[in-house]
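Every chain is numbered from 1, with letters handed out A, B, ... down the list of sequences. Computed from heavy atoms alone, side chains included, the values below leave out hydrogens, waters and symmetry copies.
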2 protein chains.
Amino acid sequence: MTGNLNDRSRQILKAIIENYIATAEPVGSRTITRQQGVNLSPASVRNVMSELEELGLLSSPHTSAGRVPTDRAYRFYVNTLLKVGSVSDDHEEQLLERLPLQGGDASRILRETSRMLSSLSRYAGIVLAPRFTENVLRHLEFVKLGGKRLLAILVTEHGIVHNKLVEVQEEISSEELVRMSNYLNTLLQGLPMTEVRRRLIEQMQSDKITCDALLDRALRLSKQALAETEADLFIEGQATFFNQPEFSDTARMKEIFRAFEEKGQLLELLDRSLAADGIQIFIGSETNLAPGGMSVITSVYRSGARKLGVIGIIGPTRMGYASVIPIVDYTARLVSRLLHSGEQRLPAVM
Amino acid sequence: MTGNLNDRSRQILKAIIENYIATAEPVGSRTITRQQGVNLSPASVRNVMSELEELGLLSSPHTSAGRVPTDRAYRFYVNTLLKVGSVSDDHEEQLLERLPLQGGDASRILRETSRMLSSLSRYAGIVLAPRFTENVLRHLEFVKLGGKRLLAILVTEHGIVHNKLVEVQEEISSEELVRMSNYLNTLLQGLPMTEVRRRLIEQMQSDKITCDALLDRALRLSKQALAETEADLFIEGQATFFNQPEFSDTARMKEIFRAFEEKGQLLELLDRSLAADGIQIFIGSETNLAPGGMSVITSVYRSGARKLGVIGIIGPTRMGYASVIPIVDYTARLVSRLLHSGEQRLPAVM
DNA sequence: GTTTGGCACTCCAGATTCAGGAGTGCCAAC
DNA sequence: GTTGGCACTCCTGAATCTGGAGTGCCAAAC
């Protein structure tokens with residue numbers, strides 16, 4: 001339905017959107033005529049604006065204000081009008097310099113990624129750490145903490161460490177622990193977590209094991225240790241929302257920060273991004289976030305063929321899509337390379 | 001100098017402070033007279049208020065507004081006027097129910113503590129995790145991640161896990177790793193980190209070691225893995241600041257959230273708390289935080305004689321000290337017990 | 001001498017009014 | 001189809017006004 005827009009209408013819509021993104025003020029017909037490349041009178045522009053409003057692409061806060069783009073307009077803008085360039089040299093340089101942290105384990109890199117995303121985009125950066133269950137197990141270890149408490153430590157392929165406390169009925173000696181560890185690592189190393197779980201159950205039912213009380217116990221403990229952990233979500237640069245005039249309203253801000261603290265809705269959104277692939281753009285109401293007026297741009301990072309997690313940016317709908325999209329895209333690819341085992345060192349070219 | 005306040009002045013000051021805490025509005029003389037227990041005319045109260053203002057305990061926003069307590073008044077209030085009760089039954093119950101997480105490792109407990117502090121106090125909860133260097137080493141492990149990358153995993157006495165990526169010059173076989181691990185654990189287990197560091201250096205200089213290339217390497221790797229990590233600070237419930245009328249100003253809010261994101265100043269404050277002991281109260285400018293008008297109440301949690309970290313609450317200077325102080329105090333003691341090794345189970349009595 | 005009622009004074013908060021300006025919509029002319 | 005003109009709308013910010021809450025001070029009462 002927006003396909004039947006002629007060139008002129010598109011040009012004007014684009015100008016309005018970009019103007020609004022830059023100023024946060026409703027855009028009037030006169031402002032557009034002053035735009036270079038538009039040789040029309042304000043009256044003509046008004047005619048076009050009027051059509052665009054009927055198409056649901058523009059709305060006016062009140063009779064005598066200018067026009068403001070609707071979510072739909074932004075959607076049309078990113079789908080059709082916007083040609084996304086590549087990341088700026090300066091941004092690229094900053095990323096390449098600051099992201100490959102010396103001796104940075106995966107979680108440090110991810111946290112820093114979140115900061116970088118925020119600092120480059122001037123919006124808030126979000127990073128969803130790899131879902132534990134989506135990973136390949138590298139190493140499993142039980143450490144005695146004292147008494148009957150064991151700390152189960154699981155290390156994934158990419159060096160992400162999860163730990164969980166388990167309690168045992170009777171104390172286990174260090175020697176037994178070592179035997180358990182060896183057995184479990186032999187059994188499970190290199191398997192994806194989903195497979196690990198399957199294998200554990202399978203093994204528990206096998207005859208060999210039911211005879212060996214210790215190994216049986218090992219299996220049960222591992223199963224406990226595998227219990228789902230809450231997803232790790234980093235959000236950095238929330239304070240950038242204070243810079244946006246459309247959020248000067250305190251009630252609005254409160255809603256936003258509440259949403260950030262609860263994380264639930266955001267996680268749901270990021271899960272959707274993870275299920276999809278590549279760059280995802282959610283505009284305004286498409287985000288399903290309770291506080292409206294926000295957009296989210298995400299991209300999946302991966303290790304080879306396996307998707308690991310999601311990085312992205314959250315900001316006002318009135319967002320500088322043109323610059324943010326390449327940042328998210330480039331960063332996701334960089335993170336993928338940094339986490340891909342054996343490529344810790346800075347890649348020469350992308 | 002505030003010692004020469006007579007009973008009546010104290011009573012009035014107390015009433016003003018508590019009224020202001022409850023309403024966030026400047027308190028007038030008439031409001032005080034309505035207070036039960038005060039049988040004075042507004043005029044008399046005004047005389048007293050005038051004295052209190054001269055003593056620097058009250059200030060008036062403008063001629064015809066009521067009075068507002070100064071930082072100094074709050075200080076006098078918590079030092080002298082306030083008699084701190086114990087935590088309410090309801091709060092106690094909630095803490096005992098929700099804090100001893102099933103299978104919760106230390107970091108989960110600490111994060112949950114932060115949430116609980118916020119939810120009980122209605123301000124923001126802060127938790128400084130144990131400084132890595134202040135801890136006793138329970139276990140040290142190297143996991144091969146692929147290529148020449150090793151993940152060093154250090155577990156402290158209280159089940160807090162730190163990990164750090166280290167790179168080696170040449171690949172190390174699994175057998176060698178095991179040997180290294182055994183050697184290091186025998187050498188270092190049960191030592192406080194400061195001691196660990198010392199022992200490593202000592203050992204590196206010993207003759208036996210220089211002969212054994214592998215062990216020498218193990219020592220060097222451990223030293224890398226021990227490098228200082230950034231302090232872990234949880235702040236939960238930042239959104240509560242939106243409920244405080246004195247922070248309805250956007251510029252102010254922005255400053256506050258920036259301070260939370262940067263954490264530096266807050267860490268400094270918490271370090272001071274850790275150096276001291278027991279309940280610490282920082283009022284307004286005493287916090288040295290850039291955004292003024294905030295107070296912080298902290299308490300140290302410990303394991304036996306060793307201080308581990310700090311928990312606390314941050315909110316507006318106009319804070320319900322009477323209820324917050326017992327919350328912080330009780331929670332700190334509860335956390336201490338939960339983390340004290342071997343006492344994971346819920347203690348029957350405090 | 002402490003307490004109190006009275007009174008003039010101050011100053012804020014909110015309502016009201018007003019003028020200017022930016023923008024629109026429509027129409028008739030080009 | 002495009003444009004200039006014009007009446008109309010509605011927001012914004014400044015200015016004004018009023019009522020109320022509160023103070024400070026003084027003289028009278030206790």
| remark: Counted 5' to 3', the first and last nucleotides of DNA chain C within 4.0 Å (strictly under) of a heavy-atom of chain B are dT3(C) to dC12(C)

Hey, can you pull the donor-acceptor pairs under 3.5 Å for the side chains in residues 13-24 of chain B, sequence neighbours left out?
| from | atom 1 | to | atom 2 | distance (Å) |
| --- | --- | --- | --- | --- |
| E18(B) | OE2 | Y77(B) | OH | 2.8 |
| T23(B) | OG1 | N19(B) | O | 2.9 |
| T23(B) | OG1 | E25(B) | N | 3.1 |

Can I get a per-line list of side-chain donor-acceptor pairs under 3.5 Å for residues 260-268 of chain B, giving both atom names and the distance, sequence neighbours left out?
| from | atom 1 | to | atom 2 | distance (Å) |
| --- | --- | --- | --- | --- |
| E261(B) | OE2 | G237(A) | N | 2.9 |
| E261(B) | OE2 | Q238(A) | N | 2.6 |
| K263(B) | NZ | L233(B) | O | 3.2 |
| Q265(B) | OE1 | A290(B) | N | 3.4 |

| task | Identify, with sequence neighbours excluded, every residue that meets side chain to side chain donor-acceptor pair (under 3.5 Å) alongside T33(B). | result | none

| Want to settle it: does R46(B) or P61(B) sit nearer the 5' end of DNA chain C, counting the closest nucleotide to each? | R46(B)

| request: Sequence neighbours left out, what passes side chain to side chain donor-acceptor pair (under 3.5 Å) with S29(A)? Give chain and number order. | output: R46(A)

| message | Under 4.0 Å, heavy atom to any atom of DNA chain D: which of residues 15-45 of chain A qualify? | response | L40(A), S41(A), A43(A), S44(A)

| What string of B, S and - do you get for nucleotides 13-19 of chain D, 5' to 3', if B is base contact, S is sugar-phosphate-only contact and - is no contact with any protein heavy atom under 4.0 Å? | -------

| Which residues share a salt bridge (charged side-chain N to carboxylate O under 4.0 Å, His left out) with D71(B), sequence neighbours left out | none

| request: Report the residues that fulfil salt bridge (charged side-chain N to carboxylate O under 4.0 Å, His left out) with R111(A), sequence neighbours left out, ordered by chain and then residue number. | output: none

| query | According to the side-chain hydrogen bond (donor to acceptor under 3.5 Å, both in side chains) rule, which pairs have a member within residues 50-61 of chain B, sequence neighbours left out? | reply | E53(B)-S60(B), E53(B)-R67(B)

| field | Residue pairs passing the side-chain hydrogen bond (donor to acceptor under 3.5 Å, both in side chains) test where at least one lies in residues 242-258 of chain A, sequence neighbours excluded | value | N243(A)-K254(B), Q244(A)-R318(A), E246(A)-R318(A), K254(A)-N243(B)

| Which residues share a side chain to side chain donor-acceptor pair (under 3.5 Å) with T331(B), sequence neighbours left out | none

| Short side-chain to backbone donor-acceptor contact, T298(A) and I311(A), under 3.5 Å | no

| said: On DNA chain C, compare the nucleotides closest to N47(B) and S64(B); which residue's is nearer the 5' end? | reply: N47(B)

